[in-house]
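Have a look at the structure below before the remarks.
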Amino acid sequence: MLRLGVNIDHVATVRNARGGNTPCPVRAAVLAIEAGADSITAHLREDRRHIRDSDIVEIKNSISKPLNFEMAATTEMLKIALATCPYAACLVPEKREERTTEGGLNVLGNMDYLATYIAELSAANIRVSLFVEPDMATLDACLALKAPVVELHTGSWCYAIEAGDTQKANTEFKKLTNAADYGIKIGLEVHAGHGLNFITAQKLASVKTFTEFNIGHFLIGEAVFIGLTLAIKTMCAAMDEGRNS
Ligand code: PXP
């Protein structure tokens, strides 16, 4: 079983460009579920550049499937997560000046710091996922921290494909498949995300160790041309085709 989590952050990006209420990310979340998404991901950033606090509450209350709350490990975000109680929380690194989440968490360098967040979220029955680079020592650290899930950062692989750098793409793909196999072997659930499109999602779906992809930017961009429903249905079909190949 391979699930699709749809990240609706960039519906909020477009809304915020005009400062009003349209397009509405809550409406996008509901539509995404109707179209076949298995969960909704939303990242409440420190600078609130896309998703707002009220969006998180409304999305949680409006969707019939799980909310995956993407968050930096800060006291402010922890408080919001504990108050909202999403199904899952994905801890990500966050830099104010970055355009998007640019790398995985530095788990090895922040064991004690992250341990508190993972323990508090887990105690509230929120399934914790750590967004990390495909690196085995990091996966060992995630396991030691009792995080049940890791999400492998697929950005380097996707960017290499986009740049036409086949050699780097092959190297990065191998890193992802090796890390996913290792993660499963040591008892972690393994997800993937960042920069995926129809082609890369189909290819990665053929790696049976992944159980969830979280995809945002490409789907919201594609929705401009073919609509959100068709974009999601096409993504589900691509993932099915990859999984059954
Ligand atoms: N997973 C995580 C943890 C992310 O930070 C992001 C980007 O917000 C995604 C998945 C989705 O990436 P993209 O928008 O490139 O599909």
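One-based numbering, in listed order, for ligands and for the atoms of each. For reference, positions follow the sequence shown, starting with 1.
- Residue-ligand proximity, N7 to ligand 1, at heavy-atom distances under 4.0 Å covers atoms 8 (O).
- The ring-ring contact (aromatic ring centres under 6.0 Å, His included) with F131 is formed by just one residue from the set H191, H43, H153; it is H153.
- Ligand 1 lies within reach of E70, whose nearest heavy atom is under 4.0 Å from it.
- Comparing H10, E212, H194, E151 by heavy-atom distance to atom 1 (N) of ligand 1, the nearest is E151.
- A salt bridge links R48 with E76: at least one charged nitrogen is closer than 4.0 Å to a carboxylate oxygen.
- A search for side-chain contact (heavy atoms from CB on, under 4.5 Å) contacts involving A231 returns L219, E222, I226, not counting sequence neighbours.
- Within the structure, ring pair (Phe, Tyr, Trp, His ring centres under 6.0 Å) pairs that include any residue of residues 215-245 comprise H10-H217, F198-F218 (at least two apart or interchain).
- Close contacts between ligand 1 and H217 involve ligand atoms 13 (P), 14 (O), 16 (O) [criterion: under 4.0 Å to a heavy atom].
- Side-chain atoms of Y87 and N125 include no donor-acceptor pair closer than 3.5 Å.
- Of all atoms in ligand 1, listed by their number and element, those nearer than 4.0 Å to a heavy atom of N214 are 10 (C), 11 (C).
- Residue contact check: V92 has heavy atoms under 4.0 Å from atoms 3 (C) of ligand 1.
- Near G195, meaning under 4.0 Å from any of its heavy atoms, are these atoms of ligand 1: 12 (O), 13 (P), 15 (O), 16 (O).
- Contact atoms of ligand 1 toward F131: 2 (C), 3 (C) (distance under 4.0 Å to a heavy atom of the residue).
- No donor-acceptor contact under 3.5 angstrom links the side chains of N68 and S39, judged on distance only.
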